[in-house]
Amino acid sequence: MKFPNLRILLVDDESAIRRALRPALLELGFQVVEASRGEEAIQQLRAGNFDVILLDINMPGIGGLETLRRIRTFAPRLPILMVTVRDGEEEKVEALESGADDYVTKPFSTRELIARIRAAVRRVKAPVPVEDTPIEIGEIRLNPTRRIVTKRGQPIHLTRKEYDILHFLMMHAGRVVTYSKLLTAVWGDAFREDVEYLRTFIRQLRKKLCDDPANPTYLLTDVYVGYRFVDPQMFQESTKYESEDPEESAESLLEGLSAS
Amino acid sequence: MEVASQLSGAYIPLTSVFVARPALKSGPRVLLFLLECALGILLVIFAAAVTHWSGWLLPVSVLLYLLVVVPTALLCGFWQAVTVSLSAIVVHSYFTAHQPAINAVADPANSLTLVVFVLTALVISRLSASATEHAKEAESRGEQMHDLYEFSRRTLQMNLHMEPGPQLADLIHEIFKVESVIVFDADLHEVYQAGYPDLDARELAQTVYYFEKSDDDPVTGVGRRVLRLGSVPIGSLVVRGGVTPLTNDAIASLVALTFDRYRAFANESHMEAEHRTEQLRTAVLDSLAHAYKTPLTAIRAASTGLAEMRQLTPGQSDLISLIDEQTGLLNELTTRLLTTARLDSQEITIHATSVGVAPMIDEVLSSLKDRLANNRVLVEMERDDFVLCCDRQLMHALLTQYVDNAGKYSSYGTTITIRVIQSKSEMIFSVLSHGPVIPLADRERIFDRYYRSSNSSNRASGTGIGLSVAKRVARVHGGHVWVTSEEGEGTTFSAAIPTTLPRKGLQ
């Protein structure tokens, strides 16, 4: 798939990474503009129009998170992808809650990056979901006015909370919804820390949706960040090349832990 | 004055072993005694002469004698006063030998007067001497209290960066003005001395320590004390001269306390130094890891970018996927080495929460789904709603390690069974897989860091770190890990985690 005339802003203080990404993005039809600092990126954003931004979190100067916040003050709907490192779970959550659309973890593959860019751009171009419009993703259909969920036409009986969770996730389909955001939306602010509670509900929900908990296709877990409801077909494309190393991710948890 | 009162015999030494040993200084004391007596006698003679020539009556002269005897008793001591009063009788008798009116011999009334005089003199002397003694005693006690106070103050101010032994020995010698001090520090096995050197100091001090014998020897003036913390002996103290047993006890306690403070301080600074080193190490490793990430990201982005850009020949795609794969491996290695370094460098504190076991296993399996593509996975739990109080991240890491290991070493198409059993006090997680049997020799060491089974080294990728992480995780939870491996029965890695997390020992 080509991206004719999409303007992308690459923000990374490492020129090696910009150099590595540039040729492939150009080949795919992007117009690439580079910035090595957050301050510089903000200037360029004010000067011209962009369709998507790739923003590194760890940069000298004001850094990626602050840059993100400042961009959001004047460009609320511009797709922004953050580049993080493996042990940066807290950063990821913070970025998502500060308005980032998605993130990729270093070292990422170009294919994965492009898939995520495509998804982010597509989401922005799509009409804003209205509370009451029925949502259909893959085989699952959710009717908010009647609070009915069906899979392949078969009704699925959900409890109120399960329905609320599913509705919220489907409204934000394709995006990572952080634990605290989901908990706040469904249970209220007082429960934003009760992740274990949420896990039990998600497990039930997966069972009812016949989504294999060990190998889910709709309801995906972003370990230590949140959940993501995806269209299985779209998702397969984007993760084909993504070789998540589970052992590594387990150890990164330890890392995050000992670092805290 | 002090000497005289000691000689007077009425002086009760504060049971000081040293002061009661006046052997060396007796010469000058006798001289002083004689001098004081002589002075008293002279005054008495003068008084007798004045009375005689003036023709005063006996009571007047007796009063004059008393005027001499009382100050003698007050200033010099009891025996001096006795000598002076007796000499007064003799002198008086001499002067009045030819005066029948006041001659004691001639008139019984005179004799009575003189006897009353002697008795009065003796009583006054005795009283004044004992008053002086008490004053002295109190003063001496006060001095010792002051010394002790000074000693405790100085030990508190002591520089704990250095060994306390030599400083303590010097302090005792300086403040209590004793002949010699020996301090034995059993922990450092060092003997410190101050004052007059003892030849067999080490033996002396160690004997006290080993036989745990505290005593005072009044003959030699040596006080020996075992230094204790609670009931544990930690050294000994030998003091020669000038200090009461009570003071010795107090000194010994203060020395023991100082030793303890030194140890605590040393431990603390040691830990602090270690902590700082670890912080530095972690910081260095952190920046190293970030330094690695950038080139790795660039390599991966470049190689995968190449694949996106144009149709490649099969050979080219092959090479690119090789680059990609090896970059991934390098990344994994870096991350793991970093992780173990961090695990090593910091004490893991566990954040225990109630964790639903089933969702956790789901999450583990979902994160491992690519690795488990060639196997069937079966989860067996007695109950679906098991909840374990544990650190979720750590337990997740342990299970991931076990399941990943099972995936790595099991034969193609076999079933991996994850079983969770709850016993009375433990929850046992086990992962059963079917593959090559782990030799007995390897089973014992498989949880050791960097150990890789002899027949695994050339089969599957791995760093020999993961299982040591699992072991550590179980251990911080107060649990344990083990492995069984039998031909025909498969290999089972197990971890038992207490269901009641112990409050203590979570470090």
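Atoms considered below: every heavy atom in the structure, side chains included; atoms not considered: hydrogens, waters and symmetry mates. A quick note: this is a predicted structure, and the numbers were derived from the prediction, not measured. Chain identifiers are assigned alphabetically (A, B, ...) following the order of the sequence lines, protein sequences preceding nucleic acid strands; residue numbering begins at 1 within each chain.
In this structure, the portion of A/P216 lying under 4.5 Å from any heavy atom of chain B is its side chain and not its backbone. If you measure heavy-atom distances from B/S354 to chain A, the contacts under 4.5 Å come from the backbone alone.
Of all the listed residues (B/A301, B/A302, B/G356), the one sharing the greatest number of non-hydrogen pairs under 4.5 Å with chain A is B/A301.
Near-neighbour residues of residues 7-18 of chain A relative to chain B, defined by a heavy atom under 4.5 Å from a heavy atom of that chain, comprise A/E14, A/A16, A/I17.
The number of heavy-atom neighbours closer than 6.0 Å to CZ of B/F386, taken from other residues, nucleotides and ligands shown, is above 12.
For B/A358, the side-chain contact (heavy atoms from CB on, under 4.5 Å) test picks out A/R203, B/M381, B/D384, with sequence neighbours left out.
Remark: the B/S494 side chain and the B/S430 side chain contain no N/O donor-acceptor pair separated by less than 3.5 Å.
Rounded to the nearest 0.5 Å, atoms CG (B/D324) and CG (B/L319) are 12.5 Å apart.
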Mind running side chain to side chain contact (heavy atoms under 4.5 Å, CB included) on B/D318 and B/L322 for me, showing each step along the way? CA-CA 6 Å; B/D318 230 30; B/L322 180 69; over 6 Å; no

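For the pair A/R199 and A/Y227, the NZ or CZ position fails the cation-pi test of under 6.0 Å to the six-membered ring centre and within 45 degrees of the ring normal.
Under the 4.5 Å side-chain criterion, counting only non-hydrogen atoms from C-beta, A/K106 is not in contact with B/L296.
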